[in-house]
Amino acid sequence: MVSREIVPGIFWVGALDFDRRIFDELIPLPEGTSYNSYLIRGSEKTALIDTVDPTKEFELVSNIVKMGVERIDYIVINHAEQDHSGSLPMIMEFFPDAVVVTNEKCRDFLEALLHIPTERFRIIKNGDTLSLGDRTLEFFITPWTHWPETQITYLNEDKILFSCDLFGFHMATTDLFITDEAAAYRSAKRYYAEIMMPFRGSIRGYVEKVKALGPVIIAPSHGPLNKNPPFILDAYADWVSDNVKNEVIIPYISMHGSTQKMVDHLTSALIGRGITVKPFNLTKTDIGELAMALVDPATVVIATPTVLFGPHPQVVSATFLANMLKPKVRFASVIGSFGWGGKAVDTITKMLDHVKVEVLEPVMVKGLPDEAAMKSLDRLADDILKKHQEINIV
Ligand code: FEO
């Protein structure tokens, strides 16, 4: 790997990870990822912004050493998660005089996760600045731009925002800057859904704050850099807003075909009413795709067969995930099939406690759906249309 100059005196020194396919043992990474670390040379001091995943620590060190850097004065840590902080112990060994600059909460995490000694820290507060001579770093503490300790760092003179996880996305590419905004939009939306969506209330304020700063470059900790900040800021403004779309997503499992027939019928009924439908067969769906599909729709209909006395475990898993991600969906329902009774509806609706939804009358049928069941699904499609009309999205 090699370092890359962003503007004179500011370098990308991170690592690309083309082969990584899962993050946190949960999130699929179809396009790999990168761990972006940045070196800023001021007239008096040199700062490193974030490190890289510990699996790539030698690449980070090699990039810095090959540049002939003999001294790092400050290592700014925006976020304690190990994909950005994990190489800190090694960098601190190479540069024993370097001071770790971060906020108090992040310091606590770094002490707990990496056993960084307390005396190596310089603690900053929201709005504090740090001079590198002719360049000035300004820190903004932005809790829940993944974890509660996360901050962003702004390089005032160059108008570069080091936004850490915020505005980033998982993509390994040798392009330093975004070259394909349509591809970047899709990856960034997926990343937002997986990482940021549960905190959309907080992030709304950060988007406004960053717009007011007016950066000319956004340099996140994952993915290529952004020379057109309004592109991602406008996308985020849409995603974090309360606006929902005339869409229904249907995560489902079918064991013997009954639930599949119901999903197919409801899908057709909704299409016939002018509603966009996205069915997700959970045996085939990448959960990142499902998360991304949860960003916009007004309604989710969860479809499940009955296993023993409850919903299929994969449906339970998807419902648990959807509840954690707290999408802005307004309406929900449950459809499916059972053999000898069960509590699928009760179990699923109780799991949606983090999502403020109105539950529309479910449709559960015994065995193979008959004509009456299909009529009930038509009634559910009518109910959904009516609700979408009431909130003026049709
Ligand atoms: Fe990319 Fe929350 O770490």
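Values below: every heavy atom of this structure, side chains too, minus hydrogens, waters and symmetry copies. The shown structure was predicted, so the numbers you read here are calculated from the model rather than taken from an experiment. Both ligands and their constituent atoms are indexed starting at 1 by order of listing.
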Participant: Need one value: angle at atom 2 (Fe) of ligand 1, E81 atom OE1 versus D165 atom OD2, rounded to 10 degrees.
Facilitator: 170°
Participant: With a cut-off of 2.8 Å, does H222 put an N/O/S atom close enough to atom 1 (Fe) of ligand 1?
Facilitator: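 It does: H222 brings an N, O or S atom closer than 2.8 Å to atom 1 (Fe) of ligand 1.
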Participant: So, D83 and atom 2 (Fe) of ligand 1: N/O/S under 2.8 Å, yes or no?
Facilitator: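 Given the 2.8 Å cut-off, D83 does not count as a ligand of atom 2 (Fe) of ligand 1.
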Participant: Is a side-chain donor-acceptor pair under 3.5 Å present for S187 with E31?
Facilitator: yes
Participant: side-chain hydrogen bond (donor to acceptor under 3.5 Å, both in side chains) between H222 and H84: does it pass, once the steps are laid out?
Facilitator: CA-CA 9 Å; H222 297 290; H84 309 297; 3.2 Å; yes
Participant: Verify the distance test for H146 against atom 2 (Fe) of ligand 1: any N/O/S atom under 2.8 Å, yes or no.
Facilitator: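 Checking atom 2 (Fe) of ligand 1 against H146, an N, O or S atom does fall under 2.8 Å.
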Participant: When rounded to the nearest 0.5 angstrom, what distance separates OG1 in T51 from CD1 in I64?
Facilitator: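 The distance works out to 9.0 Å.
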Participant: Any carboxylate oxygen within less than 4.0 angstrom of a Lys/Arg side-chain nitrogen, looking at D382 and K386?
Facilitator: no
Participant: Let me check your reading of the structure: within less than 2.8 Å of atom 2 (Fe) of ligand 1, is there an N/O/S atom from C164?
Facilitator: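 False for C164.
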Participant: Salt bridge or not between D134 and K45? Use side-chain N to carboxylate O under 4.0 Å.
Facilitator: no
